[in-house]
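Data block below; observations after.
One is the number of the first residue; the rest follow in order along the sequence. The structure presented is a predicted model; accordingly, all values stated were derived computationally and were not measured.
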Amino acid sequence: MPRLPAPQPREEHPYEHLDRIARALLARNTAGLSPFSIFQAWNDWALHMSRAPGRQIELAERAVKNTIRVISHISGIGEDADAAPPFQPKPYASRFAHSGWAKMPFLFWQQSFLATQDWWDHATDELRGLSAADSERVRFMVRQALDVVSPSNMPLTNPEIIEQTIECRGRNIAEGVQHLLNDMTHTLTQTRTEPPEGFRIGEDLACTPGEVVFRNEIFELIQYAPTTGTVHAEPVLIVPAWIMKYYILDLSPKNSMIRYLVEQGFTVFAISWCNPTRKQADLSLEDYRKDGVMAALDAVGKIVPDRKIHAMGYCLGGTIMAIAAATMARDGDDRLATVTFLAAQTDFSEAGELLLFLDESQVAFLEDMMWAQGYLDRPQMSRTFASIRAEDLIYARAVKRYFLGRDDLPSDLTVWNNDTTRMPARMHSEYLRGLFLENRLTAGRFAVEGRVIALKDIDVPLFVVGTETDHIAPWRSVYKIRLFTDCDLTFVLTNSGHNGGILSEPGHPRRHFRIGHRPAGARYVDPDTWLAAHDPREGSWWTDWVRWLADASSARTEPPAMGSAGAGLPPIMPAPGQYVYQA
């Protein structure tokens with residue numbers, strides 16, 4: 001066979017760094033969004049729409065019909081006076097819940113807005129030849145634009161604001177201005193708001209007793225103190241996402257998953273990731289696997305020797321745990337007893353609205369911004385997540401704070417949500433490219449230590465949880481792990497969203513879940529068929545999970561000591577440790 005010519009080294013462009021600096025400066029002023037990707041999506045949609053005379057006629061007819069329907073209802077022509085308005089808010093929308101929207105002229109403004117929203121929904125619907133990604137991106141941007149101009153956001157067109165202003169004699173506006181000034185100050189100075197009384201970290205939140213028993217550059221390992229006379233022999237290792245502080249799983253005592261596991265007789269360890277700085281810009285995804293997950297498994301194995309480990313990964317922690325488990329299976333490392341994935345994706349082809357932000361241009365744009373500052377900063381990530389649910393997280397909150405004069409009610413979840421972290425530049429770039437953009441893990445192209453890994457090699461029982469209204473890890477995307485594994489698998493679908501569905505402690509009101517079991521080697525069942533075949537059950541999925549963990553454990557035994565001085569792992573300091581306080 002003739003030899004292929006050796007690849008030529010890439011020619012260096014002398015002013016490439018200047019280009020990167022220019023893009024990084026632009027990115028800081030666009031919240032990290034690439035204007036080139038935005039222009040491409042609109043251009044693709046506009047060009048295909050210009051070549052679709054049939055769709056143009058349809059949209060012209062719809063505009064006329066929607067106008068007639070609004071005018072007819074407002075004027076009462078040919079309709080029952082008590083008839084429902086022709087356009088209804090979307091099921092998730094709450095901005096028009098106030099009773100004043102049923103009266104004129106607010107009803108007219110509301111119906112005009114909803115009619116416009118209906119028209120744009122059809123204008124951005126699928127169009128033959130139009131890229132599905134560009135179609136969804138344009139739809140998303142239109143939704144963002146409509147959210148800005150909604151009559152619910154304007155003090156003169158929102159009946160609730162007018163009613164509140166009259167009742168309070170304008171005091172709500174004065175208080176709203178004060179809230180606005182405070183928020184602007186925190187935004188400009190990038191200072192964090194101190195948690196209110198009753199929500200202090202280490203006292204009210206993240207307060208399950210324990211000890212830090214291991215620490216390196218990336219994480220601290222916390223071992224929690226037992227509360228039962230005997231414990232299940234196999235310990236539990238919790239791997240949270242590095243995009244969040246770990247104590248989402250140890251909030252208030254009433255809804256702490258970690259405390260619940262301890263009370264059920266499990267020896268629990270949890271990783272508390274560091275909040276990386278510019279000096280840690282070169283931390284890689286492999287560093288998080290090797291010096292994070294694998295180092296934690298090594299430490300747990302020394303403290304609880306000769307026992308297998310129940311591993312649990314949440315969100316991105318579940319993704320890195322899947323990579324670690326597949327690597328261990330490939331290499332014959334059998335230290336895992338079971339693996340649990342909570343709202344964690346392994347296939348990213350249907351990763352929800354986060355995919356709308358990602359293409360080659362967008363990733364390169366983010367990479368240049370991170371190259372300049374060394375990390376992806378907290379506000380940049382927060383804005384991305386908030387824009388997915390802009391109506392609730394941005395505009396409804398702004399109306400409440402700045403026009404109604406109401407302060408945010410503190411809660412453990414909102415305090416945690418404001419306690420965001422940074423992402424190292426190299427690691428986040430590898431994550432976006434290798435997993436989100438190129439979907440290498442399930443495409444058989446993700447290599448660890450120079451060799452490709454496969455989820456199919458995992459042969460320990462899996463417990464996988466998806467949440468019904470998850471905007472970050474849609475449950476159908478989470479469910480796709482069934483396509484790429486053959487082992488024993490239990491799948492749970494619980495109500496609520498990415499965080500609320502996971503924080504579903506026993507006794508939580510209005511909670512339900514579906515649960516189904518797939519034996520090893522069983523045939524694939526698509527998500528819609530699975531959904532139809534499993535009826536919802538009231539209550540918390542935590543109880544079924546704990547029962548599943550107990551069934552996969554051996555006999556109960558005496559609780560292990562806190563740390564292991566003989567193995568070089570003495571207790572370092574009380575939980576929640578040091579890294580959780582890093583700003």
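- More than 12 heavy atoms of other residues, nucleotides or ligands lie within 6.0 Å of OH in Y524, so this atom counts as buried by the packing criterion.
- Looking at every heavy atom in both residues, I458 comes nearest to C487 through O-CB, 3.5 Å.
- With hydrogens and angles disregarded, a donor-acceptor distance shorter than 3.5 Å links the side chain of E220 to the backbone of Y579.
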Original post:
When you look at N439 and D347, which way does the side chain to side chain contact (heavy atoms under 4.5 Å, CB included) test go after all the steps?
Top reply: CA-CA 6 Å; N439 202 23; D347 180 90; 3.0 Å; yes
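- Distance check, rounded to the nearest 0.5 Å: CD of Q345 to CD1 of I472 gives 9.5 Å.
- Looking only at side-chain heavy atoms (C-beta outward), V464 and T490 stay at 4.5 Å or farther from each other.
- Rounded to the nearest 0.5 Å, atoms CG (N417) and CG (D412) are 11.0 Å apart.
- In plain terms, the two heavy atoms of V293 and A324 that are nearest each other are CG1-CB, 3.8 Å.
- The structure places CG of L237 at 12.5 Å from OG1 of T267, a figure rounded to the nearest 0.5 Å.
- Salt-bridge check for E350 with K480: passed, with a basic side-chain N closer than 4.0 Å to an acidic carboxylate O.
- Considering only heavy atoms from C-beta on, L483 stays 4.5 Å or farther from T442 through its side chain.
- D44 places no side-chain N or O within 3.5 Å of a backbone atom of Q40 that could act as its donor or acceptor partner.
- Remark: the backbone N or O of T469 is not paired with any side-chain donor or acceptor of T467 at under 3.5 angstrom.
- Counting heavy atoms from C-beta outward, I453 and L441 have side chains that approach closer than 4.5 Å.
- Smallest separation of non-hydrogen atoms from R422 and P276: NE-O, 2.6 Å.
- Looking at heavy atoms from C-beta onward, R547 lies in side-chain contact with D551 at the 4.5 angstrom threshold.
- Side-chain atoms of R518 do not come within 3.5 Å of backbone N or O of L489 as any donor-acceptor pair.
- In this structure, W273 and F219 have perpendicular ring planes: the angle between them is above 60°, well past the 30° mark.
- Side-chain contact check for I238 versus L261: some heavy-atom pair is nearer than 4.5 Å.
- Scanning all heavy atoms of the two residues, the minimum distance from L493 to L531 falls at CD2-CD1, 3.6 Å.
- At distances below 3.5 Å, not a single donor-acceptor pair connects side-chain atoms of W242 with backbone N or O atoms of P424.
- Listed here is the closest heavy atom pair of M141 and I38: SD-CG2, 3.4 Å.
- With T543 contributing its side chain and S540 its backbone, the two residues share a donor-acceptor pair below 3.5 Å.
- Between the Q582 side chain and the N275 main chain, a donor and an acceptor come within less than 3.5 Å of each other.
- Rounded to the nearest 0.5 Å, atoms CZ (R215) and SG (C274) are 11.5 Å apart.
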Original post:
For R335 and V300, what are the C-alpha separation, side-chain angles and deciding distance, and is it a side chain to side chain contact (heavy atoms under 4.5 Å, CB included)?
Top reply: CA-CA 11 Å; R335 286 181 288 169; V300 172; over 6 Å; no
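- Using a 30° and 60° split on the angle between ring planes, Y479 and F491 fall in the perpendicular class, above 60°.
- In terms of modelled atom types and a separation under 3.5 Å, the side chain of D331 and the main chain of D333 share no donor-acceptor contact.
- Taking the side chain as every heavy atom from C-beta outward, T319 and F348 approach each other to under 4.5 Å.
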Subject >> side chain to side chain contact (heavy atoms under 4.5 Å, CB included) between E367 and R23, intermediate numbers included >> reply: CA-CA 10 Å; E367 285 176 337; R23 286 191 292 266; over 6 Å; no
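- Look at D298 and K290 and you find no salt bridge, because none of the NZ, NE, NH1 or NH2 atoms lies under 4.0 Å from a carboxylate O.
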**OP:** Evaluate the criterion side chain to side chain contact (heavy atoms under 4.5 Å, CB included) for residue pair L435 and T346; output intermediate values, then yes/no.
**Re:** CA-CA 8 Å; L435 296 173; T346 51; over 6 Å; no
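- When every heavy atom of D470 is checked against every heavy atom of H498, the shortest pair comes out as OD2-ND1, 2.8 Å.
- A 4.5 Å side-chain heavy-atom check between F463 and M312 finds every atom pair outside the cut-off.
- Between F266 and H310, the ring planes are perpendicular. Angles over 60° get that label, and only those under 30° would be called parallel.
- No side-chain heavy atom of E217 sits less than 4.5 Å from a side-chain heavy atom of K279.
- For R259 and E505, the salt-bridge test fails: no basic side-chain N is under 4.0 Å from an acidic carboxylate O.
- In this structure, W542 CH2 and R511 CZ are separated by 10.0 Å, a value rounded to the nearest 0.5 Å.
- When the options L205, T208, V262, L251 are evaluated for a side-chain contact (heavy atoms from CB on, under 4.5 Å) with S256, the one that passes is T208.
- Dense packing is recorded around OH of Y581, with more than 12 heavy atoms of other residues, nucleotides or ligands lying under 6.0 Å away.
- At distances below 3.5 Å, not a single donor-acceptor pair connects side-chain atoms of R137 with backbone N or O atoms of A41.
- Note that CG of N499 is 11.0 Å distant from CG of L342, once rounded to the nearest 0.5 Å.
- Judged by distance alone, the side chain of R445 and the main-chain N or O of E438 form a donor-acceptor pair under 3.5 Å.
- For the residue pair D287 / S284, a side-chain donor-acceptor distance below 3.5 Å is found, with atom types taken as modelled.
- Contact check on R433 versus E360 returns a salt bridge, with a Lys/Arg side-chain nitrogen under 4.0 Å from an Asp/Glu carboxylate oxygen.
- Between H428 and F436, the distance separating the two ring centers is not shorter than 6.0 angstrom.
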